[in-house]
Asks: 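Take this structure first; my questions come after.
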Amino acid sequence: MFPDIQETLEDLERRYPERDLPKGAEVTRFAPSPTGFLHTGSLFASLIAQTFAHQSGGIFFVRLEDTDTKREIVGSDLALIEQMAAFGVAPDEGFGAREPGRHGPYRQSERARIYKTVIKELVRRGDAYPCFASTEELDELRKYQESRKILTGYYGSFAKYRDYPVEKAVSDIESGRPYVVRFRSQGDHNCYIKVRDEIRGSLSLSQNDQDIVILKSDGLPTYHFAHVVDDHFMRTTLVSRGEEWVASLPIHIEMFARLGFNTPRFAHLPVIMKLDEGKKRKLSKRRDVEAAVSFFLEHGYPVAAVIEYLFTIANSNFEEWRLLNKTASLTDFKLTFEKMSLDGALFDMAKVVFISKEVLAAKSAQELLTETRAYAMSYHPGLLDLIDRDPEYFKAIVNIEREKENPRKDYSSYESIYEFIKYFYRDHYETSLDLTRLNPAVPVATVRSLLWALSTRMAFESDEPAWFEGFKAIAGEYGFAPSGKIFKQNPDLYIGHIGDAAEILRLALTGLKQTPNLFQIMKVLGRPEVVSRLEFVIDKLPQK
RNA sequence: GGCCCGUUGGAGAAGCGGUUUAACUCAUAUCCCUCUCAAGGAUACAUUCAUGGGUUCGAACCCCAUACGGGUCACCA
C-alpha cells in the first residue's frame, strides 16, 4: 500500500519536534473548514483559543480543514482569516499567519503524504485495513441492525472487511476497486473510559468500538484521523473546539493511544444559542443575521464591543472585572475554564448594543471621525458623503455632549450615526422637515412671531445659561411660561411653557422633536445657518 | 430510540451543606433631574433555585426518579 511513501512515523516525529516553549505555555488552534464566512460561534472559539495561548505565553495557530471537497467554498479560506483579523484574532503560526511555522503544511489537503505515512504504518501493524463496502451495503447493514434493535454501525462481527485476505485486498486495490481505510477498533462498547474535559471536568464515556473510516475513497482523511495526526505533529497541547465533539472523544482517545501519541488536553466549548419559538437552537447562519460575523462589520458595530460581549459569555466573572478595571486592556483579564458555562448562552443582541454604546461613548471626536469614515468607506456611501463634505464639521457634530463625565450614548454603531446627524446637513434637513408635526395647540401666528423674534434677537454667542435666559424672555413675550411648574400653577395664563417653545425651535431647526442639547446644536450650525433655517420655516408656515 | 451533558429571574449568571433578606451585568417598569431625547441618580422585578421524593439538626448546593432542553449516533466537519 502507498508504494511511494517511504517515510516512517519516526521520521515524522523528528521532522515535527515539540516546540521549545516555557512550562505551562499552551499551543492552541483554530481549525475551520472553508465552507463559508466566519460564524459568530467560530469567532468565539478562535478568540478563546488565542486568549489561552497568549496568556500562557504559548502559540495559537490556524489549520485549514479542507478535506470535504464537496462543501468547500472557494475563497472562503482567506475570507475567514480576514474576518478573524478584523476582530483582532490573528494566528501566530499556520494558515494566514505572517510566520508560516515549521509544523506545516497547515492546510489538510496538502498533508496527504503525512496521513498516508501514518496509515501505512497502521496497516502494517494491523491496526487499520482497507474496506470495500459500498454505500448500499452499509445502508443495508444499518437497516438490518435497526430492525433487530442492535447498535448500528461498522464494528465487531459486522466489520466485513476486517479479515479480508491481504492478497485479495491488494489485487482489488490494484484493479482500481474503490476503497476506504478503516481503523480496527479494539474497544468494547460496554466498557467506559474516563476523560477529563477542562470545562466539564471528568466525563464517563462508552469506549469506541466502531471501525471508523480514517481515509475516504477520495484519498483524503476524515476529521477524526486528521485531528489526531495533526494535533499530534503540530504539537497542540490544548484542543478547544465545539461541544459537538465530545461524543466522538472515545474515537480520538483510542487513536491517540494506539498510535502511541500523548493525548492533548480538551476543552469542549459551549455553543452560542438562539431562542426560536420557545426552543433553544444553535445560532444558524441561514436564519440569524447575527450568526455571521460580517453582520457586525456591515452594520458598524465596533469590533471591541463584539469581543467584549463574547468575553461576557465566555467567563461569568468578566463583567465584574470590567467594572473594576474600566479602561484595562482585554489581555489583562485572565480567562479560565472554571468560569466557563457548560451549556450554550443565548445570544443577546440587546447587550451587544449596550456595550457598543459604551464603547462609542468613550471615544474622542477625532477617533470617531477616523473610525466612522473607515466604516463608511466600506459600507455606507451616504455617510461617507456627509463626512467628506467637511470632516471638521462632522467632528463638531459628533462632539456634542461628548467631552463630559457622562457623554451621550446615542450611537450604537457607526451605521447608526448617520440617522442621528443627518439633519445637520441642509439638504437632508430640508427634505425631512415636516411642519405638520407642530403642536396644533399653538396658533400658527404665534409660531411665526416666535420664530421671527428668535431669528432676529436670540443670542447664543456666549454661554448656555445666558442663551437660555434670553430664550425664556423671548418665549415669555409670546405667552410661554418660563417653566413647567409655573405653567401648571396657572395654566390659563399661558399658551404653553418653555418646553413647548423649545419644541417649536427644535422642530424648526432640526425637523425633529428629540435631539441633543439645542444650544450646542446651534453652536455647531452657526448663526447664519440658524437664521437661515428659521427663515426657511417661517416661509413654509401655512398662511392663515 | 441508545449514549453523553445540562436545568437558579425575560437574557448572561454568582453561589456549590449553615449571616444568601439568592451577588453582579443587560433588558423591562416607575420616579427624580430636565428645553425634548440620550445619559445620570433612585426604586421595583426569583418568598425561591424544573418537579417529586429522600439524606441531614439544616439543601439552590448531596442522592434517586420524572419532566424538559441541548449534543451525538456519516466516506461532514
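Only a predicted model underlies this, so the values are computations on that prediction, with no experimental measurement involved. In what follows, chains are A, B, ... by sequence order, proteins preceding strands, each numbered from 1.
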Asks: Is there a side-chain polar atom (N or O) of A:Lys339 under 4.0 Å from OP1 or OP2 of B:rG15?
Replies: yes
Asks: Measure from NZ or CZ of A:Arg533 to the centre of the six-membered ring of A:Tyr429 and say whether it is under 6.0 Å with the direction within 45° of the ring axis.
Replies: yes
Asks: Expressed in whole Å, how much space separates the P atoms belonging to B:rC37 and B:rC31?
Replies: 12 Å
Asks: For A:Thr222 and B:rC75, is the shortest distance between a side-chain N/O and OP1 or OP2 below 4.0 Å?
Replies: no
Asks: Across all strands shown, which nucleotide pairs with B:rG52 by Watson-Crick or G-U wobble geometry, both distances under 3.5 Å?
Replies: B:rC64
Asks: Consider only side-chain N and O atoms of A:Tyr106 and A:Asp230, and report whether a donor and an acceptor are under 3.5 Å apart.
Replies: no
Asks: At under 4.0 Å between heavy atoms, what does A:Glu464 touch on the DNA or RNA strands: base, sugar-phosphate, or nothing?
Replies: base
Asks: Determine the contact category for A:Ala133: base if any of its heavy atoms lies under 4.0 Å from a base atom, sugar-phosphate if only primed atoms, P, OP1 or OP2 are that close, otherwise nothing.
Replies: base
Asks: Is a donor-acceptor contact shorter than 3.5 angstrom present between the side chain of A:Ser217 and the base of B:rC75?
Replies: yes
Asks: In whole Å, I'd like the distance from the CD1 atom of A:Ile486 to the C1' atom of B:rC35.
Replies: 14 Å
Asks: Indicate, with a heavy-atom threshold strictly under 4.0 Å, whether A:Phe354 touches base, sugar-phosphate, or nothing.
Replies: sugar-phosphate
Asks: If the C1' atom of B:rA13 is compared with that of B:rU51, how far apart are they to the nearest Å?
Replies: 22 Å
Asks: I'd like to know whether the aromatic ring centres of A:Phe311 and A:Phe318 sit less than 6.0 Å apart in this structure.
Replies: yes
Asks: Report which part of the nucleic acid A:Leu518 touches: base, sugar-phosphate, or nothing (heavy-atom distance under 4.0 Å, all strands).
Replies: base
Asks: Considering every strand and a 4.0 Å limit on heavy-atom distances, what is the contact class for A:Lys513: base, sugar-phosphate, or nothing?
Replies: base
Asks: From the list B:rA14, B:rA77, B:rU36, which nucleotide is the closest neighbour of the side chain of A:Ser316?
Replies: B:rA14
Asks: So what does A:Leu323 hit on the nucleic acid, given a heavy-atom distance under 4.0 Å: a base, only sugar-phosphate, or nothing?
Replies: sugar-phosphate
Asks: Answer yes or no: does a side-chain N or O of A:Thr67 lie under 4.0 Å from OP1 or OP2 of B:rA77?
Replies: yes
Asks: Taking the minimum atom-to-atom distance to the side chain of A:Thr152, which one of B:rC73, B:rU25, B:rG70 wins?
Replies: B:rC73
Asks: Using atom C1' of each nucleotide, how far apart are B:rC5 and B:rC45 to the nearest Å?
Replies: 31 Å
Asks: Is A:Leu275 touching bases, backbone alone, or none of the nucleic acid, heavy atoms closer than 4.0 Å?
Replies: nothing
Asks: Of the candidate nucleotides B:rC26, B:rC5, B:rC75, which contains the atom at the shortest distance from the side chain of A:Val213?
Replies: B:rC75
Asks: Testing the basics here: between A:Tyr161 and A:Pro130, what is the closest heavy-atom pair and its distance to 0.1 Å?
Replies: CB-O, 3.8 Å
Asks: Rounded to whole Å, how long is the line connecting atom OH of A:Tyr494 with atom C1' of B:rC35?
Replies: 17 Å
Asks: Specify the separation, in whole Å, of atom CG of A:Leu205 and atom P of B:rC73.
Replies: 14 Å
Asks: Return no unless some side-chain N or O of A:Ser341 is found under 4.0 Å from OP1 or OP2 of B:rA13.
Replies: yes
Asks: Return yes if a side-chain donor-acceptor contact under 3.5 Å exists between A:His428 and A:Tyr418, otherwise no.
Replies: yes
Asks: Name the closest nucleotide to the A:Leu342 side chain, picking from B:rG71, B:rC35, B:rG6.
Replies: B:rG6
Asks: Scan side-chain atoms only and decide if A:Asn406 and A:Glu401 contain a donor-acceptor pair under the 3.5 Å cut-off.
Replies: no
Asks: Any strand is fair game: report the nucleotide pairing with B:rG9 by Watson-Crick or G-U wobble, both distances under 3.5 Å, or none.
Replies: none
Asks: Say you pick atom P in B:rU66 and the same atom in B:rA27; how far apart are they, in whole Å?
Replies: 41 Å
Asks: Measure from CD on A:Glu401 to C1' on B:rG40 and round the result to the nearest Å.
Replies: 12 Å
Asks: Which whole number of Å gives the distance between the P atom of B:rA38 and that of B:rC32?
Replies: 15 Å
Asks: Quick one: which of B:rA38, B:rC35, B:rG12 gets closest to the side chain of A:Ile498?
Replies: B:rC35
Asks: According to a strict under-4.0 Å criterion, is A:Lys216 in side-chain N/O contact with OP1 or OP2 of B:rA77?
Replies: yes
Asks: Look at the side chain of A:Arg506 against the base of B:rC35 and say whether a donor-acceptor pair falls under 3.5 Å; ignore hydrogens and angles.
Replies: yes
Asks: In terms of side-chain heavy atoms of A:Val180, which of B:rA23, B:rC75, B:rA74 is nearest?
Replies: B:rC75
Asks: For the side chain of A:Glu320, starting at C-beta, report the closest nucleotide among B:rC35, B:rC24, B:rC26.
Replies: B:rC24
Asks: Which nucleotide sits closest to the side chain of A:Asp348: B:rC37, B:rA77, B:rA11?
Replies: B:rA11
Asks: Tell me the interatomic distance from A:Lys282, atom NZ, to B:rU72, atom P, rounded to whole angstroms.
Replies: 5 Å
Asks: Students often get this wrong, so: under 4.0 angstrom with heavy atoms, is A:Asp218 touching a base, only sugar-phosphate, or nothing?
Replies: nothing
Asks: Among B:rC3, B:rU36, B:rU7, find the nucleotide with the atom closest to the side chain of A:Thr515.
Replies: B:rU36
Asks: On RNA chain B, does the nearest nucleotide to A:Leu151 precede the nearest nucleotide to A:Arg71 from the 5' side, or the other way round? Give the residue.
Replies: A:Leu151
Asks: Base, sugar-phosphate or nothing for A:Lys279? Non-hydrogen atoms, less than 4.0 Å.
Replies: sugar-phosphate
Asks: By the 4.0 Å heavy-atom rule, please label A:Pro407 as base, sugar-phosphate, or nothing.
Replies: sugar-phosphate
Asks: Should A:Arg63 and A:Gln108 count as side-chain neighbours, where that means a heavy-atom distance under 4.5 Å?
Replies: yes
Asks: Under 4.0 Å, heavy atoms only, any strand: does A:Arg322 hit a base, just the sugar-phosphate, or nothing?
Replies: nothing
Asks: How many angstroms lie between atom CG of A:Asp218 and atom OG1 of A:Thr67, to the nearest 0.5 angstrom?
Replies: 8.0 Å
Asks: When we call it a touch if two heavy atoms are under 4.0 Å apart, what does A:Ser204 touch: a base, just sugar-phosphate, or nothing?
Replies: sugar-phosphate
Asks: When the C1' atoms of B:rA29 and B:rU72 are compared, how many Å lie between them, rounded to an integer?
Replies: 43 Å
Asks: Once you apply the 3.5 Å cut-off to both distances, tell me the Watson-Crick or G-U wobble partner of B:rU47, or none.
Replies: none
Asks: Please tell me which of A:Val352 and A:His224 maps to the more 5' nucleotide of RNA chain B, matching each residue to the nucleotide holding its nearest heavy atom.
Replies: A:Val352
Asks: In whole Å, I'd like the distance from the NZ atom of A:Lys404 to the P atom of B:rA38.
Replies: 13 Å
Asks: With heavy-atom distances below 4.5 Å as the criterion, would you say the side chains of A:Leu122 and A:Phe225 are in contact?
Replies: yes
Asks: If we call it a pair only when both distances are under 3.5 Å in a Watson-Crick or G-U wobble match, what pairs with B:rU30?
Replies: B:rA42
Asks: B:rU7 phosphate, OP1 or OP2: any side-chain N/O from A:Lys280 under 4.0 angstrom?
Replies: no
Asks: Using a 4.0 Å heavy-atom cut-off across all strands, classify A:Phe347 as base, sugar-phosphate, or nothing.
Replies: nothing
Asks: What is the separation between atom CH2 on A:Trp467 and atom P on B:rC35, rounded to the nearest whole Å?
Replies: 9 Å
Asks: Can you tell which of B:rU25, B:rA74, B:rG40 lies closest to the side chain of A:Arg142?
Replies: B:rA74
Asks: When the P atoms of B:rA23 and B:rG15 are compared, how many Å lie between them, rounded to an integer?
Replies: 14 Å
Asks: Should the ring pair A:Phe487 and A:His497 be called parallel, tilted or perpendicular, given that the plane angle runs from 0 to 90° and is split at 30 and 60?
Replies: tilted
Asks: Can you tell me how far C1' of B:rG6 sits from CZ of A:Arg200, to the nearest Å?
Replies: 9 Å
